[in-house]
Protein chains: 2
Amino acid sequence: MTRKRFDEMGCCVASALNEVGDWWSLLIVKQAMLGTRRYVDFQNSLGIAKNILCNRLSRLVENGVMVRVDVGEHGKRYEYRLTDKGRDLFTVVTALRQWSERWNGAQDSMQLVDRQTGEPLAPVTVQNQQGQPLTVRDVRFVDEDGKPFEEAGRPSPL
Amino acid sequence: MTRKRFDEMGCCVASALNEVGDWWSLLIVKQAMLGTRRYVDFQNSLGIAKNILCNRLSRLVENGVMVRVDVGEHGKRYEYRLTDKGRDLFTVVTALRQWSERWNGAQDSMQLVDRQTGEPLAPVTVQNQQGQPLTVRDVRFVDEDGKPFEEAGRPSPL
DNA sequence: CTTATTTGGTTTCGTTTTGCAACCATTCTG
DNA sequence: CAGAATGGTTGCAAAACGAAACCAAATAAG
């Protein structure tokens, strides 16, 4: 009775969640985006148990989201840094942050601004090739053949 | 020894994860975006245990992400539908899907296209007010006062 | 140089969560 | 009416989690 395997569901959302879908991983990534690199700093800023932190950092490294780099003279002093793959989660984290701000109110003492202009960011949206924003009702799920996807004979009205 | 409370961390990413951050919730939302509405259909399409599904649906309803609506003649036949708040997670789910496709390869039999044109979607990006894409290096985290945020005296070089 | 502290872990143990299967009460279907 | 489907709940075993203790190497303090 292991935990359900998400990587074998043939759904890329599921396999993404398999890598960063537990309670802590995305928070660690978010913290890393704030500049945190050291084991102890993650522990203090997140208030996570040490064994869990170890486990999560290992898994993030395994999955290529972070790297562990030696920074001590004779080893035994490390930093955990985001890889390109990890930095690419910026979109996900930002979308999640904005969603929470929109629906739960901004309980956050922190804000994200454009480094150049100092202006707040635009809301993250899904767009078509022309740059027009799309909602979930504006899209269709299709097979690789282009045939519309039918979930259990349901015409997906939402 | 309850699970760590994410809603009291003063971070909106944390409180978002508190609502939809466990292994199953986002997958249920994603499935709902495909058109699934019924308890049994969620169960069959996701292969989730019934008690877990019950628990997750209840929590999603509690948090205003989904609603349970009566569709039977005399009750006892329900549908779970996304609310506006739930549909607004489309950005997050799509960003996650695209991230997984980019870095793990498309192991998915399904594709998202613009309902109007049939074209695939543009990659979800974080943008500034002018619509220019921003990476995590192009932004700054600031206090409500506008002062740059310093994590444990670290100048956030990434 | 010697001691204390920091860092990055691992181990132990009790609690919580998860997954599976069995069970149950309505409600549709044949 | 009989049988299946729907939407649950309960009980149990396995796994994951959280807190604290413990540990070894590296660094900092005196």
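Convention: sequence-line order gives letters A, B, ...; per-chain numbering from 1.
- Annotation: salt bridge (Lys or Arg N to Asp or Glu O under 4.0 Å) contacts of B/Arg102 (sequence neighbours excluded): A/Asp88.
- For the pair A/Met66 CE and C/dG8 P, the interatomic distance rounds to 12 Å; values are reported in whole Å.
- Rounded to whole Å, the distance from CD1 on B/Ile52 to C1' on D/dA15 is 12 Å.
- For the pair B/Asp70 CG and C/dT27 C1', the interatomic distance rounds to 13 Å; values are reported in whole Å.
- One can place CZ of A/Arg56 at 14 Å from P of C/dT10, the figure rounded to the nearest angstrom.
- Atom CD1 in A/Ile28 sits about 11 Å away from atom P in D/dC17, given to the nearest Å.
- More than 12 heavy atoms of other shown residues, nucleotides or ligands fall within 6.0 angstrom of atom CD in A/Glu119.
- With sequence neighbours excluded, no residue forms a ring pair (Phe, Tyr, Trp, His ring centres under 6.0 Å) with B/Phe42.
- Between B/Trp24 and C/dG19 there is a side-chain polar atom (N or O) within less than 4.0 angstrom of OP1 or OP2.
- Partners of B/Arg140 under the salt bridge (Lys or Arg N to Asp or Glu O under 4.0 Å) rule, at least two apart in sequence or in another chain, do not exist in this structure.
- The salt bridge (Lys or Arg N to Asp or Glu O under 4.0 Å) check on B/Lys50 picks up nothing, with sequence neighbours excluded.
- Taking atom CZ of residue A/Phe6 and atom C1' of nucleotide C/dG19, one finds them 12 Å apart after rounding to whole Å.
- Going from atom CG of A/Asp22 over to atom C1' of D/dA15 covers 14 Å, rounded to whole Å.
- Separating the CG atom of B/Leu53 from the P atom of C/dG19 is a distance of 11 Å, rounded to the nearest angstrom.
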Nucleotides 5-10 of chain D: protein proximity per nucleotide (B base, S sugar-phosphate only, - neither; heavy atom, under 4.0 Å): -SBBBB
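- Within the structure, side chain to side chain donor-acceptor pair (under 3.5 Å) contacts touching residues 123-132 of chain A (residues at least two apart or in different chains) are A/Thr125-A/Gln127, A/Asn128-A/Gln132, A/Asn128-B/Asp114.
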